[in-house]
Amino acid sequence: YFPDNSSAIAFPPIGPGYAVTFEQDGYRCVYAVSTVSGLLAQASFYDGDTLTRKVTVSELSTETPDSELFTLPDGESVI
């Protein structure tokens, strides 16, 4: 399900996706979500028409990370 404020996009690093626009704390936020992975690929934040911040995922991997990455210093697993 995509809300009414979304639109189909072609975003080269992720392929097909949706752009979802919403207001939060006085900023207009635009999230680009991959329809292939379902993951957030880009987030842009605007104050009026001025882009104030932009985060782009350059390498998107859906491979399961090694479980050792989720081990605390005392040896306890967090997964």
Side-chain angles (χ1 to χ4, degrees):
Y1 169 78
F2 288 96
D4 292 339
N5 60 344
S6 66
S7 57
I9 60 169
F11 187 66
I14 64 163
Y18 271 86
V20 179
T21 303
F22 60 96
E23 298 286 329
Q24 181 176 353
D25 298 328
Y27 289 93
R28 180 171 49 94
C29 307
V30 181
Y31 285 2
V33 180
S34 168
T35 54
V36 175
S37 68
L39 299 175
L40 178 67
Q42 186 177 74
S44 302
F45 304 88
Y46 296 86
D47 184 1
D49 289 331
T50 303
L51 177 65
T52 59
R53 201 170 21 154
K54 181 176 182 179
V55 178
T56 302
V57 176
S58 58
E59 292 186 34
L60 199 60
S61 173
T62 58
E63 293 180 21
T64 304
D66 190 325
S67 62
E68 290 179 11
L69 295 173
F70 299 94
T71 304
L72 299 175
D74 67 1
E76 178 186 357
S77 174
V78 294
I79 56 172

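This is a predicted model, so every value here is computed, not measured.
Within a 6.0 Å sphere centred on CD of E23, other residues, nucleotides and ligands contribute more than 12 heavy atoms. For D74, the CG atom sits in a packed shell: over 12 heavy atoms of surrounding residues, nucleotides or ligands are nearer than 6.0 Å.
Contact between K54 and T56 at its shortest, heavy atoms only, is CE-OG1, 4.0 Å. Shortest non-hydrogen contact noted between Y46 and S44 is CE1-CB, 3.7 Å. Residues V33 and G38 come closest through the heavy atom pair CG1-O, 3.8 Å.
For Q24, the side chain to side chain contact (heavy atoms under 4.5 Å, CB included) test picks out F22, C29, with sequence neighbours left out. Contacts of D49 classified as side chain to side chain contact (heavy atoms under 4.5 Å, CB included), with partners at least two apart in sequence or in another chain: R28. Taking the side chain to side chain contact (heavy atoms under 4.5 Å, CB included) definition, one finds that R53 meets it with F45, sequence neighbours left out.
Rounded to the nearest 0.5 angstrom, L51 CG and Y27 OH are separated by 11.5 Å. Put simply, CG on L69 and CD1 on I79 are 9.0 Å apart, with the number rounded to the nearest 0.5 Å. Here the OG atom belonging to S34 is positioned 12.0 Å from the OH atom belonging to Y18, to the nearest 0.5 angstrom.
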Exercise. Using the side-chain contact (heavy atoms from CB on, under 4.5 Å) rule, take V57 and L40 through it: C-alpha gap first, then chi angles, then the decisive distance, then the call.
Key: CA-CA 8 Å; V57 176; L40 178 67; 5.9 Å; no
